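Working notes, beginning with the structure itself.
First listed ligand is number 1; within each ligand, the first listed atom is number 1. Everything quoted here is computed from the prediction, not taken from an experiment.
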Amino acid sequence: MSVFPPEFLWGAATAAHQVEGNNVNSDLWVLEHVQPTLFAEPSLDACDHYHRFREDIRMLADLGLNTYRFSIEWSRIEPERHHFSLAELDHYRRMLAACHENGVTPMVTLYHFSSPRWFAAAGGWEKAANADLFVRYCERAARHLGDLIGMASTFNEPNLPMQLRWISNVDIPATTVLRTGRQAAKAVGSGSFGCFFLGDAHKLQDAMIAAHHRARAAIKSGPGDYPVGVNISLQDEQAVGPKSKRDKKCAEVYDPWLAAAAQSDFLGVQTYTRCRVGKGGDLGPEPGIELTQMGYEFWPEALETCLRYAAERASVPIYVTENGVSTEDDTRRIEYIRRALAGVLNCLASGIDVRGYIHWSLLDNFEWIMGYRPKFGLVGVNHQTQERTIKPSAYYLGEIARGNWIPDSGGRSEGGG
Ligand code: BGC
C-alpha cells in the first residue's frame, strides 16, 4: 500500500501547559517555582499560544494539516475547587471555533499531565475519592464545549508514571524528588502534594483507569456526538537475553491501559523510540546508535511495532496521537517522519485500522523538566519575541497530508540508526 485512506487525519499536537503560557493555577507551575525544583527552567510565557492560537491554527491549516490536537486546561477552567470559569470555558470555545473556521478537526485532551494546584493539595489521584472531581470537570467542560469537539481523549499518557519506574536514564536523586514534593506541599498550604509525576504509580493507575471510564460517560452525556478515547505512551520494547523482563514490563506498563482503551471509542498511540529490556530492566541506548536531544535512540520504526502491539490488544480504531523527534537538525525530523509513516503504511497494508497521524509537536515548546532546550516543533518559536519560523519538516508533512501519500518513499536506507 502506498497511499493513505481518503479520510485519514493529518495533524499536529500541543498541550496547554507546554504552549499557552502563565498557567499559574497548575500544580506544575508550583513545582517549577519551589526550591529545589526538578525543572531546568520555568514555563513562564511558553509560546503565548493562549493569545496567539488563532494565528497558530491558521498556520497549521495553511500547511495542509486537517487536525489540531490540543488540551484544555483544568486549572484554568476550575481555578478554585467548585468554581468554574465561564470566561475560560469560552476561551476554549473560541479555540474550537477557530479550528472549524479553518476546516480543522479539533481533537481535545481533557487532561495532559497538569492538575489544578488545589487538586494536588487535596491529595491528587492517589486519593480515590478525588476522581469525582475530575469526572465533574469533564462533565462541565463537555457540556460547554461538546457541540464543537471533533474527538476527545480523557487522559494523555496516564501510563507514564508506571513507564517512568522502568526508565534507566533518569538521573534525579530520590531525595530531591522528596524535598521538592515537601516544598510544593508547603507552598499550597497542605501536608501533601499529589502530583501526577510524583505519586505512587500503582495507586495512580487504578484510580485513573476507573476515572477514565467514568469520565467517558460524563463527556458523552453532553451535547455533540464524537468519539472519546485515551492516549497511551508506547515504546517498542525489545527483549535482550533469555531472562529479559520485557514481557513483565509490557504487562505492567501497557496492557492494563490497552484493555481500558479496548472499551473506548478509539486508542491514541504515542511513540517516540524503542527500548531494550534485559534481565534487570531497561538497558538504555545501544552504543553507536544516534541519540535525540532527549537521549532517546533515533528509532522511527518503533511506531510500526507499537501500532501492531496495540492493535493486537485493543480492536478499536487507532490514531497516532503523538510521534516525533527532538532535534536541532530538521533534516533528521524529515527522515524520522518519512520512516515512521512508512511503518504506518505497512500497518494499513496488514489491515490495521489506523485513522490518523498527529505529529508532536506543532511548536517548539516547554518540554517539562527539561525546559525549552529539546526542539520537537515543526515550527520554531523565539521565546523572547514569540516569532514563529516554519521549518522544512512542516512543509514536508503538509505535502504528505495534501497528497495522502509519501512523495519520496523508497530508495533510502532503512534500519535503526
Ligand atoms: C507527552 C508530551 C511530551 C512528549 C515529548 C509525551 O510524553 O505527551 O507532552 O512533550 O512526549 O517528550
Side-chain angles (χ1 to χ4, degrees), residues 11-21 23 26-29 31-32 38-41 43 46-47 49 68-74 107-115 153-167 169-170 195-197 201 204 208 229-236 253-254 257 267-275 285 291-300 302-303 306 319-328 332-333 336-337 340 357-379 381 383 393:
T14 62
H17 190 77
Q18 293 177 271
V19 295
E20 285 183 347
N23 192 21
S26 158
D27 58 347
L28 299 173
W29 185 273
L31 285 175
E32 289 165 26
L38 304 171
F39 287 78
E41 56 188 319
S43 54
C47 305
H49 186 62
Y68 181 38
R69 176 179 169 238
F70 62 96
S71 70
I72 60 172
E73 177 60 37
W74 184 7
M107 190 184 259
V108 172
T109 309
L110 281 102
Y111 184 91
H112 196 124
F113 299 162
S114 150
S115 307
S153 300
T154 53
F155 291 122
N156 178 75
E157 301 189 348
N159 62 325
L160 190 65
M162 202 60 110
Q163 195 172 41
L164 288 174
R165 294 181 70 242
W166 286 79
I167 284 177
N169 66 351
V170 178
C195 168
F196 175 75
F197 288 108
L204 237 80
M208 291 179 87
V230 60
N231 304 343
I232 308 300
S233 168
L234 285 145
Q235 288 179 333
D236 171 3
V253 179
Y254 306 121
W257 273 105
L267 161 68
V269 165
Q270 313 203 155
T271 296
Y272 290 87
T273 190
R274 75 158 179 171
C275 180
L291 298 181
T292 71
Q293 287 180 309
M294 299 291 284
Y296 302 160
E297 289 176 323
F298 182 93
W299 204 274
L303 184 57
C306 291
Y319 294 82
V320 178
T321 42
E322 281 186 27
N323 179 244
V325 60
S326 53
T327 176
E328 292 276 5
R332 300 309 288 149
R333 194 175 340 271
Y336 188 96
I337 292 173
Y357 176 87
I358 318 296
H359 192 79
W360 184 269
S361 176
L362 176 63
L363 304 170
D364 280 342
N365 61 45
F366 182 68
E367 180 53 34
W368 310 113
I369 60 172
M370 295 183 76
Y372 288 103
R373 192 180 64 85
K375 307 287 187 234
F376 276 99
L378 296 166
V379 175
V381 176
H383 294 284
S393 57

Without swapping roles, check the side chain of Ser326 against the backbone of Thr292 for a donor-acceptor pair under 3.5 Å.
-> no
Which residues satisfy the side-chain contact (heavy atoms from CB on, under 4.5 Å) test with Ala12, sequence neighbours excluded?
-> Leu60, Leu65, Leu362, Leu378
Contacts for ligand 1, heavy atom under 4.0 Å, by chain and number, are Gln18, His112, Phe113, Asn156, Glu157, Gln270, Tyr272, Met294, Glu322, Trp360, Glu367, Trp368, Phe376
Does the side chain of Ser114 come under 3.5 Å of the side chain of Glu73 through a donor N or O and an acceptor N or O?
-> yes
Who pairs with Ser153 by side-chain contact (heavy atoms from CB on, under 4.5 Å), at least two apart in sequence or on another chain?
-> Thr109, Asn231, Phe266
Can you run down the salt bridge (Lys or Arg N to Asp or Glu O under 4.0 Å) pairs that involve residues 11-21, sequence neighbours left out, and say none if there aren't any?
-> Glu20-Arg76
Is there a donor-acceptor pair closer than 3.5 Å between any side-chain N or O of Ser361 and the backbone N or O of Ala13?
-> yes
